[in-house]
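Computed over heavy atoms, backbone and side chain alike; hydrogens, waters and symmetry mates excluded.
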Amino acid sequence: MPLDSLHIADTLLLADTIPADSLFVPAPPAAPVDTLMVGPQGIFGQGSALAQAAQTGVEAAHISLTDNIVVKGAVLLIFIFYCLVIALYGSQLRSLAGLAAGRKGTNRLLDQQGNLTQNFIRIALWMAIPTLILIALKAVDMQMLPIPKFIPPGPVLTLAVGGATVAALVPILLYQWLMIRIAGRVTNQTAFMQRLQMLRRFICALGSVSLTPLVIFWTVSGAKGAPVLAFIVAGVACLISFLLILRTLQLFSEQKVSFLYWILYLCAVEIFPVSLIVLLAIR
């Protein structure tokens, strides 16, 4: 018999003598569920933990709209121009303040304008435009007004805020001018409406001259003084608005115009356009 056949037979006889259970190699015990989860403890040890991502300075810092060389240069130019106006038209400024805050009737105050010139009134009114732009920039900078998320911070946002301020101011002034002109033509009270327009120009010029220095200091103020100056600017603006309401009421009363017409003028000309722009800005 060949040797290989004898070897196969011996193997078969040996297999018959070994129990069947010993032919299978037992599997290793299953690892606990905790050791199967990959984590910092499983890789680096029990005392390890994930490090938090460090925030960059660009993301954490707030980019101010007024703390740049362009706005500061514009503020300096406005301040110099304001000082020149006060030096050249100081007497007219005192006359304007007396005209607005005097105890005489509005008609007598308008007749006794003193040495007020249209050139001074025009300069004061034009000076209100950069003042309003600075107010809008500082309000956005203090997060008092919302801004669209698609506008990147920096010079683009500064130009957008300034352009939006002018774009909101032009239709308001045009609407008020048209409403007063139309009301004068419809009611056949053109002379009265001209006096009303003159009164509005005087008080707006007084508001511009009064608010400009406060707004300049508010714009360049730091984080601690900005809220206080914001309340002061808002208080002065409220006083100017109250003065306008009071003087227009006196003018309507002295001209024997109905009180209901004054309410209609106040709502249609003064309150409606400003409130509409404010609501659009908030939304």
Qualifying salt bridge (charged side-chain N to carboxylate O under 4.0 Å, His left out) pairs with a residue from residues 262-278, counting only residues at least two apart or across chains: R200-E270

Tell me, do [X] and [Y] make a side-chain contact under 4.5 Å, heavy atoms counted?
{"X": "L199", "Y": "L251", "result": "yes"}
{"X": "K72", "Y": "L76", "result": "no"}
{"X": "K138", "Y": "S221", "result": "yes"}
{"X": "V233", "Y": "L211", "result": "yes"}

Okay, side chain of [X], backbone of [Y]: is any donor-acceptor separation there less than 3.5 Å?
{"X": "S208", "Y": "C204", "answer": "no"}
{"X": "S241", "Y": "A237", "answer": "yes"}
{"X": "Q176", "Y": "V269", "answer": "yes"}
{"X": "T212", "Y": "V209", "answer": "no"}

Identify the heavy atoms of G162 and I133 that sit nearest to each other, and give their distance. CA-CG2, 3.9 Å

Does anything in residues 67-90 form a ring-ring contact (aromatic ring centres under 6.0 Å, His included)? List the pairs, not counting sequence neighbours. Y89-F120

Partner residues of F259 under the ring-ring contact (aromatic ring centres under 6.0 Å, His included) criterion, sequence neighbours left out: W262

